[in-house]
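Have a look at the structure below before the remarks.
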Amino acid sequence: MFNLSRYFSTLSFLLIALAAVLLGAFHRELALREMREQAESHNVALVRVLENALAAPLAGLVAGTLGLEKLPAGDDASRDALRSQITALTQGGPVLGVAIHNRLGTTVLATDPAELGGRHLDEADFREAMQGRVGSRLLRIEPAPGAPAVDLLNSRIPLRQRDGSVVGVYEIERDVSAFVARLNRDLWLLGGVLAAVFGGLYLAQYLLVRHAQRVLREQARGLADARDTLELRVEARTEELVRINRRLSQEIDERRQVEQQLNYLAHHDALTGLANRRAFIEHVERCIGEAKPLAILFIDLDQFKQVNDTLGHGVGDDVLIAVAARLEERAHWADRLARLGGDEFICLIEGADQGDEIALAAGEIVAAFAEPFELGGNAFYLSASVGVCRHPRDGVTVGELLRNADTAMYRAKADGRGQFRFYETTMTDDARQRSHLENRLRQAVDRNELEIYLQPQVDTASGRLVGAEALLRWRNPALGLVMPGRFIPLAEETGLIFALGNWVLREACRQVVEWREIGFALPQISVNLSARQLERPGFVDEVLGILAETGIDPRVLKLELTESALMAIDNVTHLLQPLRDLGVTLALDDFGTGYSSLAYLKALPVQQLKIDASFVQGIGRGTGDEAIIRTIMELARSLSFEVVAEGVETAGQARFLEALGCQRLQGHLHGAAVAPEAFLARWREHR
Ligand code: C2E
Ligand code: MG
Ligand code: MG
């Protein structure tokens, strides 16, 4: 730090010392000048005295000596007299000597005779005086060696004649030692006073400055401390900011990731990773906006519900993933592949307007399902139905296009599955018809349009009637007699199946009881149940209620369930136990068309298997169906199931089944399903 007091003390000391020296010198100069002027005026006054007293002789002397080579020494009486007179006049005063020089600078008279004849023409003082001016010099002389020095003022004063002209020069030496001594004494005194005053001043300033310096130093220290704390705080704050910044950018990163993830999820199907419905719709809307021709291929798996119901949703999901992968591989030419949900996929071809080209693509998709899907060591055979719809030909909005593609897909399914269909406007009419059908079916129960038909089941060996299956018929004034294949799926989809199912069960039981009352004891009545009925909470209670209400002997009742229906329900054994306890028989309908594992079959609460008609119809045709029937029979024997064969139409089929030990037969060979009256008429007297 700048040392104020050091610099100040040095500088102010120097300045004060300088001021003191200058003051002293100034004072001395002033005093000397005054003394000189005073002494000079005394000398001039003395000259006046000398002139008043000795003007004439002096002028004579001066004039008389002009032109002389050498002055006569001592013997000049007048000169001695003059000298005596001058000495007398100056006696006792401070005048040490008086000399008079003539115009040529020669000393013509002097109080000290040794000076006589001295030459002064070259001296500046002399010449000045000759020009009429008075000049003085201060001198210090040593009168004798070792004697104290004397200060004197030497004045040269013009010597004038009466007419005022200068004819010579007076030289007067006046002793000013006393004055100089006093002056020196005064100077010392003044020096002392000045030293004291300036010293005091210096000291006061020094103290003040030192104090100021201390204050400044303290302030500087305070400032440094403050700066240090500030720096520390700034450092800490900076670190904190860096931390906050880091955390913020981390949060921003995370948020961005989440947003990306959300965006991904919003546009992708979580299960298969394909685009989802929303992404697909957005994309198609864009394409429509660009007026591109488009082909939309709506893909629906045919047996997927069965896979899901029988093998569980886990396997179902795996199948969907495998299907998605297969589609991506085979339909690599597709511009977009998406999963709309469930087992519905969709494929978009942009710029396609040629029917052949699109048909080729749709055919490839159908063919992609020809090979089985390998999952967990099992091979799954699936097929897909594809509906094709084109923009702008078949629709101009996404909604329209999707609806029409869906309609075409339904047509492909209705036409036997595993194929594709192009949308045609007439299909929409079909769909409209479907909705008409649904509306009519809703009113069917209330309007008493439902009937049951009965089909006999006979003992294989004896041909005796052992029971009958109740099959639902819908007699509509406009539609005529509608078969269950046409309306049961619709009833299942719309939930109407609950009302229909209950009606059939009630009607079948009522019919059996009624016949018993008139003496016709039907040994057993089979009623079909849909999977959806089983899934409905309170289903068993409803059945129990109907049993109680109609008063049927529960042992006469047999319920037919499909494999998929049984497997769709968790803990089905437990659920159906109350019915089993009452003696109700449970049969597995359409056996062989599902996916039941043997282990699972063993655990099911059924007592009867119904071999599906499709196998029976293959008997004698070398289709491998006989081998299947043989296997089923083996299985049934080992698990002690009774077996009913469905759809038996020929005696040959009956013989084949009998040979394998099939206990019961059902089919046109022994009678088709007929109205109750016809059934009664045919079987009442039968033994
Ligand atoms: P299902 O339970 O397997 O019924 C047997 C079907 O085979 C009946 O068709 C029957 O008429 C037919 N059938 C019987 N013998 C022969 C034959 O020798 N040859 C041929 N070709 N067919 C024969 P239906 O009555 O059209 O019923 C079809 C399906 O509708 C039934 O198959 C059953 O799954 C369902 N269904 C019928 N009524 C009901 C019902 O009340 N509730 C439920 N949930 N489903 C029902
Ligand atoms: Mg059946
Ligand atoms: Mg069946």
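Start at 1 and go down the list; that is how both ligands and their atoms are numbered. Here the structure is a predicted model, which is why all the values come from computation and not from measurement.
- Taking each of L471, V674, I497, L500 in turn, the one with a heavy atom nearest to atom 4 (O) of ligand 1 proves to be L471.
- Figure legend: cation-pi geometry between R336 and F280 absent, as NZ or CZ is not positioned both under 6.0 Å from the six-membered ring centre and within 45° of its axis.
- Set against the non-hydrogen atoms of V504, the atoms of ligand 1 under 4.0 Å away are 41 (O).
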Requested in this report: Determine, stepwise, if the pair N439 / Q443 fulfils side chain to side chain donor-acceptor pair (under 3.5 Å).
Outcome: CA-CA 7 Å; N439 287 338; Q443 300 159 347; over 6 Å; no
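- Under 4.0 Å from ligand 1, the heavy atoms of R473 that appear belong solely to its side chain.
- The two atoms that bring S614 and D612 nearest to each other are OG-OD2, 2.7 Å, heavy atoms only.
- Side-chain N or O atoms of E560 include none that pairs as donor or acceptor with a backbone N or O of L588 at under 3.5 Å.
- Atoms of ligand 1 lying under 4.0 Å from any heavy atom of E646, numbered from 1 in the order shown and given with element: 1 (P), 3 (O), 4 (O), 5 (C).
- R684 forms no cation-pi arrangement with F520, by the criterion of a distance under 6.0 Å to the ring centre and an angle within 45° of the ring axis.
- R326 places a side-chain N or O within 3.5 Å of a backbone atom of A368 that can act as its donor or acceptor partner.
- The ring pair (Phe, Tyr, Trp, His ring centres under 6.0 Å) search around W503 returns none, not counting sequence neighbours.
- A distance-only check finds a donor-acceptor pair linking the side chain of Q663 to the backbone of V643 [under 3.5 Å].
- Closest to atom 15 (N) of ligand 1 by heavy atom, among Q455, Q666, H670, is Q455.
- Here I452 has no heavy atoms under 4.0 Å from ligand 1, in either its backbone or its side chain.
- Proximity to S530 (heavy-atom distance under 4.0 Å) selects the following atoms of ligand 1: 44 (N).
- When atom types are taken as modelled, the side chain of S462 and the backbone of R464 share a donor-acceptor pair closer than 3.5 angstrom.
- Looking only at atom types and distance, the side chain of D429 has no donor-acceptor partner in the side chain of T426 under 3.5 Å away.
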Query - Evaluation steps, side chain to side chain donor-acceptor pair (under 3.5 Å), between E469 and Q666 - result: CA-CA 9 Å; E469 180 172 6; Q666 179 183 346; 2.6 Å; yes
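- Annotation for ligand 1: atoms under 4.0 Å from non-hydrogen atoms of D590 are 3 (O).
- The number of protein N/O/S atoms found under 2.8 Å from the Mg ion (ligand 2) is 4.
- Annotation: M483 places no N or O atom under 3.5 Å from an N or O atom of ligand 1; distance criterion only.
- The part of D589 lying near ligand 1 is the side chain, judged by heavy-atom distances below 4.0 Å.
- When each atom of ligand 1 is checked for a heavy atom of G647 under 4.0 Å away, the hits are 15 (N), 16 (C), 17 (C), 18 (O).
- Counting protein heavy atoms under 4.0 angstrom from atom 32 (O) of ligand 1 gives zero.
- Looking at K610 against ligand 1, nothing comes within 4.0 Å, counting heavy atoms.
- Ligand 1 has a nitrogen or oxygen under 3.5 angstrom from a nitrogen or oxygen of N528.
- A salt bridge links E634 with R637: the distance from a Lys NZ or Arg NE/NH1/NH2 to an Asp or Glu carboxylate oxygen falls below 4.0 Å.
- Atom 6 (C) of ligand 1 is never approached by the protein to below 4.0 angstrom, counting heavy atoms only.
- Inside a 4.0 Å radius of atom 25 (O) of ligand 1 there is at least one protein heavy atom.
- Counting heavy atoms under 4.0 Å from ligand 1, residue P484 touches it through the side chain alone.
- Against a heavy-atom cut-off of under 4.0 Å, E649 is close to the following atoms of ligand 1: 17 (C), 18 (O), 19 (N), 20 (C), 21 (N).
- Shown here for L586 and P605, the closest heavy-atom pair between the two residues is CD1-O, 3.3 Å.
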